[in-house]
Amino acid sequence: MSNTENFVKELADKHGRKRESLMPILQEVIDARRYLSDETVVNIARELDMSAADVYGTASFYSFIETKEVGQYSIRLCKTIVCDMKGKEAILNAIEETLKIKIGQTTPDRKFSLSTTNCLGWCHKGPAMLINDEVFTELTPGKVIEILENYMNR
Amino acid sequence: METKQLSRVDLIFKPEGKEIELLKKKLNEDGDDFILELIDSGLKGRGGAGFLTGLKWKLAREAKADQKYVICNADEGEPGTFKDREILERVPRKVFTGMALCGHIVGATKGYIYLRAEYKYLAPKLKKCMADLNDEFKKIGLEFTLDIRYGSGAYVCGEETALIESMEGKRGEPRNKPPFPVTEGYLNKPTVVNNVETFVNTMIISEIGFKEYKKLGTDHSRGMKLFSISGDAVKEGIFELELGMSLADFVEEFGDGDTKAVQVGGASGFCVPRKKFKETIIGFEGIPTGGSMKIFNSSRSMYNVLHNYLDFFQEESCGQCTPCRVGCQQLLLGIEAVKRRERPSSYLDELMKLADTMKISAKCGLGQSVGNAFVSIIENFREEIVY
Ligand SMILES: Cc1cc2nc3c(=O)[nH]c(=O)nc-3n(C[C@H](O)[C@H](O)[C@H](O)COP(=O)(O)O)c2cc1C
Ligand code: SF4
């Protein structure tokens, strides 16, 4: 059995093989592997007795379930109005310059991906961003560079 | 119309401790009595739509089924809202015992909290709290277990039927209503979906009684509400206020002295310009809000505000129905074209008609409410959109 086959089987053992098991399985794939590969889609479909198209169609609906390869750390910068008013653009520039990538791109070492996202629920402490599940608020360009450097050394 | 002075309340974040005791007391009382109390209290849902909570529980209680569910909606995706996160951080036991109380009243043995992915950092603490409570429920003889499910970054999944679809492992596309979740919800079983803050309110009512609760707020808007205040404000953050105050009083307290407009209720709410602050009441008789209050001063461009909202809706529309899928896109492209002078300013009137059409023809609350911000911003700040 391939690595992925085993991995998906374990997830199905844990969460069940019903349709309502699908989201918890997809979410754990993201936690562990950051994105959903075609091979994983096919394996999940087999385990849950669904069509691969159905698995993919469901997964692709959700913005936090990546279906293209992304980096180990997904940076999601809030672009909703209050974070925008509080200087989101300067934060974005600082990230882009530090990592040398634009929105939608991944660093060549596959460590970071950058995207923007809708309201994170931190307007009163904006600008805010997520790196995977971790929240960072009241960002300044200096602060965001420091955070990124910290992650680079992980 | 009755208005209230702006006044602070401190009930929601009062320290935890009494929850199990309160729950135990309710186990020995008649469920129908509590339903009547809830209805009498006037409590309306705190998630935005404002349905009478007591009535929702009554309908679920009356539904016949071998299994029923209680779901706590912690998807909190409305731009500018962050009070549910604070509740879950500070007083999660109140939320969870509120769900258990609901389970007891309606006859559900299983409760789920649907937590947005953006709040996943809260999960370890919440899971621990749920595990402890599951044991405590058992000890007091209540058959009810709590579990957690997560969102994955989709605003529309806050809509209760989309949330249910998502929990069932499908795309988060809203269902046709009726049937409503109280009769056919999760796995087609009767399901109560309530907002995080609503569950806390039911516990407060069971503690202080509906008579005390009713003293807060106005005829149409009973109780207090958490407001998430952000933008050009002297004080930003979460504030618990009595419902029914005028927007003028609100701005006096929280604005920076140069407030041009307040967006009440998030991107799906209404934009109120300065000249209407006095006559606008915050509550179900005026402009209801799930809590989002965004304050803009005169340095802000309302074109940017509207553009930001339309970009949001255009991204978050589930795409299931045409008025919303195409409408959101066209509204966004339309104001851009007017700004670039590729269309005359009269084109805005065409777009307003489109927004009105979306209100009556879109399938769910998302598409139906895009027109709220759109029409209220264009009507009041037309020149900022054109020039
Ligand atoms: C697009 C859309 C998003 C929504 N998002 C939320 C949400 O994040 N949280 C919430 O409690 N209700 C949300 N609602 C309202 C729910 O559909 C539902 O009315 C609510 O959860 C019921 O609980 P309540 O009666 O306690 O307010 C949303 C509705 C729509 C149309
Ligand atoms: S109104 Fe928009 S979000 Fe709602 S069902 Fe239609 S397309 Fe989907």
Side-chain angles (χ1 to χ4, degrees), chain A residues 15-31 36 44 48 50 54-66 74 76 78-86 88-89 115-126 128-138, chain B residues 76-86 116-123 148-157 166-173 186-187 228-233 235-238 263 266-267 292 294-296 299-300 304-309 311-312 315-316 318-319:
Chain A
H15 295 290
R17 289 175 168 75
K18 295 195 184 129
R19 180 76 198 222
E20 59 269 28
S21 317
L22 179 59
M23 288 303 289
I25 290 175
L26 291 173
Q27 285 158 345
E28 218 171 308
V29 170
I30 297 301
D31 285 343
L36 187 69
I44 293 174
L48 267 57
M50 294 169 59
D54 206 356
V55 173
Y56 181 83
T58 304
S60 62
F61 180 85
Y62 296 94
S63 69
F64 277 40
I65 298 182
E66 301 283 355
S74 284
R76 292 189 169 91
C78 177
K79 64 168 172 169
T80 300
I81 187 71
V82 178
C83 278
D84 187 69
M85 282 158 49
K86 291 183 176 178
K88 172 217 89 188
E89 214 52 38
S115 59
T116 51
T117 191
N118 292 320
C119 191
L120 291 174
W122 291 95
C123 315
H124 58 319
K125 292 190 175 167
M129 70 173 179
L130 284 178
I131 300 184
N132 292 352
D133 294 340
E134 212 177 332
V135 182
F136 298 91
T137 59
E138 294 172 296
Chain B
E76 193 163 60
E78 189 61 54
T81 318
F82 37 88
K83 46 101 188 168
D84 292 340
R85 178 175 53 68
E86 187 92 354
R116 70 188 304 226
E118 292 83 344
Y119 293 172
K120 229 170 160 182
Y121 78 100
L122 288 172
I148 191 164
R149 289 290 178 273
Y150 303 99
S152 272
Y155 163 69
V156 72
C157 286
S166 172
M167 276 184 52
E168 289 180 358
K170 302 174 200 151
R171 295 165 67 87
E173 292 172 350
Y186 182 52
L187 304 176
S228 312
I229 301 169
S230 69
D232 299 309
K235 289 175 270 193
E236 290 182 283
I238 292 132
Q263 180 75 21
S292 174
K294 285 184 280 184
I295 304 180
F296 302 112
S299 74
R300 306 297 173 187
N304 287 350
V305 173
L306 181 58
H307 192 277
N308 195 277
Y309 291 163
D311 179 60
F312 167 77
E315 259 182 42
E316 298 291 348
C318 84

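Numbered from 1 within each chain, the chains take letters A, B, ... in sequence-line order. Everything numeric in this text was worked out from a predicted model, so none of it was measured.
At a 4.5 Å heavy-atom cutoff, the contact between Leu187(B) and chain A is made by side-chain atoms alone. With a threshold of 4.5 angstrom between heavy atoms, Lys170(B) approaches chain A through its backbone and through its side chain. Heavy-atom distances place the side chain of Phe296(B), and not its backbone, under 4.5 Å from chain A. Within the 4.5 angstrom heavy-atom criterion, no atom of Gln263(B) approaches chain A. Contacts of Ser299(B) with chain A are absent, with no heavy-atom separation under 4.5 Å from either backbone or side chain. Contact of Ile81(A) with chain B is made through backbone and side chain together, with heavy-atom distances under 4.5 Å. For chain A, the nearby part of Cys157(B) is the side chain; its heavy atoms alone come within less than 4.5 Å. Within the 4.5 angstrom heavy-atom criterion, only side-chain atoms of Asp311(B), from C-beta onward, approach chain A.
Put simply, the side chain of Lys79(A) reaches to within 4.5 Å of the side chain of Asn118(A), judged on heavy atoms. Using a 4.5 Å cut-off on side-chain heavy atoms (C-beta onward), Ile44(A) and Val29(A) make contact.
Under the 3.5 Å distance criterion, the side-chain polar atoms of Lys83(B) are left unmatched by any main-chain donor or acceptor of Glu76(B). Judged purely by atom type and a 3.5 angstrom limit, Gln27(A) uses its side chain to pair as donor or acceptor with the backbone of Tyr150(B).
For the residue pair Phe82(B) and Ser228(B), the shortest heavy atom distance occurs at N-OG, 3.1 Å. When every heavy atom of Ile295(B) is checked against every heavy atom of Met85(A), the shortest pair comes out as O-CE, 4.2 Å.
Close approach to chain B, defined as a heavy atom under 4.5 Å from one of its heavy atoms, is seen in Gly57(A), Thr58(A), Ser60(A), Phe61(A), Tyr62(A), Ser63(A), Phe64(A) of residues 57-64 of chain A, taken by number.
Considering only residues two or more places apart in sequence or on other chains, Tyr309(B) meets the ring pair (Phe, Tyr, Trp, His ring centres under 6.0 Å) condition with none of them.
With respect to chain B, the highest number of heavy-atom pairs below 4.5 Å among Arg19(A), Lys125(A), Glu134(A), Met23(A) belongs to Arg19(A). When Met167(B), Arg300(B), Glu86(B) are compared by the number of non-hydrogen pairs under 4.5 Å with chain A, Arg300(B) comes out ahead. Taking chain A as the reference chain and counting heavy-atom pairs below 4.5 Å, the highest number among Lys120(B), Arg85(B), Glu118(B) is found for Arg85(B). For the options Pro79(B), Gly172(B), Ala154(B), heavy-atom pairs under 4.5 Å to chain A are most numerous at Gly172(B).
Ring planes of His124(A) and Trp122(A): parallel class, angle under 30° (limits at 30 and 60°).
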